[in-house]
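Just so it is clear, the structure is predicted and the values come from calculations on it, not from any experiment. Both counts, for ligands and for their atoms, begin at 1 and track the order of listing. As a basis for the values below, the full set of heavy atoms in this structure was taken, side chains included, without hydrogen atoms, waters or symmetry mates.
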Amino acid sequence: MRKLAEACEQIANTTKKLEKTAIVADYLKSRTPEDGAASVVFLSGRPFPVWEETTLQVGGTLLWRTVAELSGKTEQELRAAYRRHGDLGAVAGEVLQVSISRQPSPLDVQGKFREIAAARGPAAKGALVRELLSQVTPLEAKYIIKIMTGDLRIGLKENLVEEAIAKAYRGTLAEVQRANMLLGDLRETLKLAIAGKLAQARMRLFHPLGFMLASPAESAEEALSYFENASVEDKYDGIRAQAHIAGGEVRIFSRTRDEITKSFPELPDALAGLPQDAILDGEIVAWSYLAGETGRALPFSALQQRLGRKKVSDEMIRRVPVAYLVFDVLYAGGDLLIDRPLRERGKILNELLSGPRKPVKARSTGAQGRLTFDSEEQTAPAPVIRAPVFQAASPKELDQLFEAAQARGNEGLMIKDPGSAYTPGKRGKSWLKLKRELATLDVVVTAVEYGHGKRIGVLSDYTFAVWDGDRLVNIGKAYSGLTDAEIAEMSKWFLEHTVEDQGFRLIVEPKIVLEVAFNNMMRSGRHESGYALRFPRIVRIRQDKLAEDADRIERVREIYDHQRN
Ligand code: AMP
């Protein structure tokens, strides 16, 4: 682990990508394949490979306390160090004493991470973390903590690790990328590269592939400027889901590549009967049967009640029914389809979803989809619906489709290039999203935190609130949107108007009003207001408004109720 920590330090000290990849390549060549495999995962900034469900579940507070205990520093000294560095790993590197390192290898550290993940409760986890950190040098501790908190920040993303693997072993970058995309695992990719067998990488069912991502378009004109004759679909507001179906087995993965099959017990049955093995891409949405025979999608806030539950009761399944709106197919009947153009994949998908299957009580064929199922039945399979595709060649046509999509209660449109391949994990201009902005809120800043990365030492993370009677109740937290100059000015003001210094956080005088935009509003116990904003971002500082002019909880309720219709 010492060598890896030293390599990380060197990587952090150069901004040149070529130098970074050369350091990683040299490092990998000096290690055994097993240590190399553990290291590539760490170098991509994670304790475990992306597709694994394992999480450490060790919070910042536990790490903070452990570092305090092992270093013998006072709370004040630690806070001062935190302010200088902006991350706990770097703080540990500075304040921990030099101890005799047991010289654990990356493989040993990975083993310890697994023990920590498996331990139940903060006491058990804490003991293991202490044991690990007391056996390593301060530099190793620095990087172990950075990996644990997912805050490696040495300017090395997964794609640079791929480049380093290509550089270290015989193989082109394209081969490494393809193998990693198909396997979804840098360790396996490294092993194939070492063996010179990258070309043998095969897609593995039940290992999620990366999701193709969309770029925002500001207007209908812009959306049509990249390609002609766009394929247009409604933009459904649910959660992205990749379904793997083979030999009657079904597993569903979220955009973070976590398995979410158990959260939607009504989906596997509906998918298991497909005529061929397949990987589908689509959106799981809350589904309303009230709006007519075939039903329609509801906004994310409705689906939210279904999320984050260990077990989904039959009652919940009936109360918040879901549907799977499928818009792409990545693999079918033994063929990987991602390099085929969208129009071809679309045809294959149509056949797959309309072909014979072992349907459970097919009820009707409607405009929204080909198959629906009887919702009255106890755990009837959820509808699996081919997302309808429209064509648009002019901004006027696109505007009409946009209005129609909104009238159906959907978020906006997805505009796709019919000639484009499916590019896993990439955001390009082949898929564009056109959305409506929800109303913005004017909020009051109540607490601030120091930022990360290039925002170290400045107060750039703001917690904000709205009025409930004459009380301010927090509703969210935002990090982005202001310029560096504005943040610098704000930092100065906040430091001069701090009411309470909580170390990580400063409680400030509630005087600054911000206008925040967001994608959606949800009910949430996380904030005092009982609501939370999805993807909040600061639009501007409302210098023209006093705190008392900020929005009230009634306005929040109004927006929330409005988005449900
Ligand atoms: P955003 O989350 O705002 O970046 O928008 C992209 C997301 O929209 C995707 O990741 C999907 O979860 C979702 N989405 C909804 N409908 C579609 C669709 N028809 N095609 C692709 N993505 C969609």
Side-chain angles (χ1 to χ4, degrees), residues 208-218 222-223 226-227 230-243 252-258 260 263-264 267 279-287 296-304 306-307 322-330 337-338 341-343 345-346 349-350 353 368-369 383-392 398 401-402 404-406 408-418 420-438 480 517-522 533-537 563:
L209 296 176
F211 287 82
M212 179 156 176
L213 303 170
S215 303
E218 296 304 328
E222 191 208 332
Y226 301 100
F227 41 83
S231 278
V232 184
E233 294 154 14
D234 281 17
K235 184 174 191 302
Y236 304 96
D237 191 12
I239 58 165
R240 187 81 176 266
Q242 189 179 100
I252 304 166
F253 300 95
S254 72
R255 184 161 154 175
T256 47
R257 308 203 205 178
D258 295 313
I260 50 168
S263 302
F264 302 101
L267 273 178
I279 300 181
L280 306 179
D281 187 7
E283 189 91 351
I284 296 176
V285 294
W287 195 243
R296 73 189 221 177
L298 292 172
F300 183 77
S301 46
L303 183 68
Q304 226 230 333
R306 285 285 301 259
L307 305 179
V322 299
Y324 186 32
L325 274 303
V326 186
F327 46 73
D328 220 317
V329 55
L330 317 189
L337 304 173
I338 56 175
L342 173 66
R343 67 171 79 79
R345 299 198 307 276
L349 182 59
N350 290 346
L353 292 188
Q368 270 268 3
V384 173
I385 299 168
R386 164 68 163 119
V389 185
F390 310 96
Q391 310 297 323
L398 207 53
L401 288 174
F402 189 85
Q406 290 208 331
R408 283 189 285 269
N410 294 326
E411 231 190 332
L413 294 178
M414 297 294 301
I415 298 134
K416 301 181 179 177
D417 179 356
S420 64
Y422 189 98
T423 48
K426 301 237 162 65
R427 192 183 300 283
K429 299 282 188 202
S430 302
W431 283 18
L432 300 161
K433 53 188 177 191
L434 196 59
K435 290 198 281 194
R436 93 193 117 153
E437 282 280 354
L438 265 189
S480 64
F518 44 92
N519 287 16
N520 216 319
M521 194 180 276
M522 317 167 269
L533 308 179
R534 199 163 175 230
F535 301 129
R537 51 207 177 265
Q563 72 177 13

Verify, without hydrogens or angle tests, whether [X] (side chain) and [Y] (backbone) share a donor-acceptor contact under 3.5 angstrom.
{"X": "Arg255", "Y": "Ile239", "result": "no"}
{"X": "Arg427", "Y": "Ala214", "result": "yes"}
{"X": "Tyr422", "Y": "Met212", "result": "yes"}
{"X": "Gln242", "Y": "Leu209", "result": "yes"}
{"X": "Tyr324", "Y": "Ala241", "result": "yes"}

Quiz item: Is any side-chain heavy atom of Leu349 less than 4.5 Å from a side-chain heavy atom of Leu280?
Solution: yes
Nearest protein heavy atom with distance in Å, relative to [atom]:
{"atom": "atom 22 (N) of ligand 1", "answer": "Phe327 CZ, 3.4 Å"}
{"atom": "atom 3 (O) of ligand 1", "answer": "Lys435 NZ, 2.8 Å"}
{"atom": "atom 19 (N) of ligand 1", "answer": "Glu233 OE1, 2.8 Å"}
{"atom": "atom 4 (O) of ligand 1", "answer": "Lys433 NZ, 2.3 Å"}
{"atom": "atom 2 (O) of ligand 1", "answer": "Arg255 NH1, 3.7 Å"}

Quiz item: Relative to ligand 1, is Tyr236 under 4.0 angstrom through side chain, backbone, both or neither, heavy atoms considered?
Solution: both
Quiz item: Where does Leu213 meet ligand 1, judged by heavy-atom distances below 4.0 Å: at the side chain, the backbone, both, or neither?
Solution: neither
Quiz prompt | Ion pair Asp234/Arg296, N-O distance below 4.0 Å | solution = no
Self-check item: N or O contact, Trp431 vs ligand 1, cut-off under 3.5 Å
Solution: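 So ligand 1 has no N or O lying under 3.5 Å from an N or O of Trp431.
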Quiz item: Does an N or O anywhere in Arg240 fall below 3.5 Å from an N or O of ligand 1?
Solution: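 Between Arg240 and ligand 1 (N or O atoms, distance only) the closest approach is under 3.5 Å.
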Quiz item: In a check of side-chain contact (heavy atoms from CB on, under 4.5 Å) between Lys416 and each of Lys433, Arg343, Glu233, which one passes?
Solution: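 Answer to the side-chain contact (heavy atoms from CB on, under 4.5 Å) test with Lys416 among Lys433, Arg343, Glu233: Glu233.
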Self-check item: For atom 20 (N) of ligand 1, the option (of Lys235, Lys416, Glu283) bearing the nearest heavy atom
Solution: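 Comparing heavy atoms across Lys235, Lys416, Glu283, the nearest one to atom 20 (N) of ligand 1 lies in Lys416.
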Self-check item: Proximal ligand 1 atoms for Asp234, defined as those under 4.0 Å from one of its heavy atoms
Solution: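 Contacts of ligand 1 toward Asp234, numbered from 1: 16 (N), 18 (C), 19 (N).
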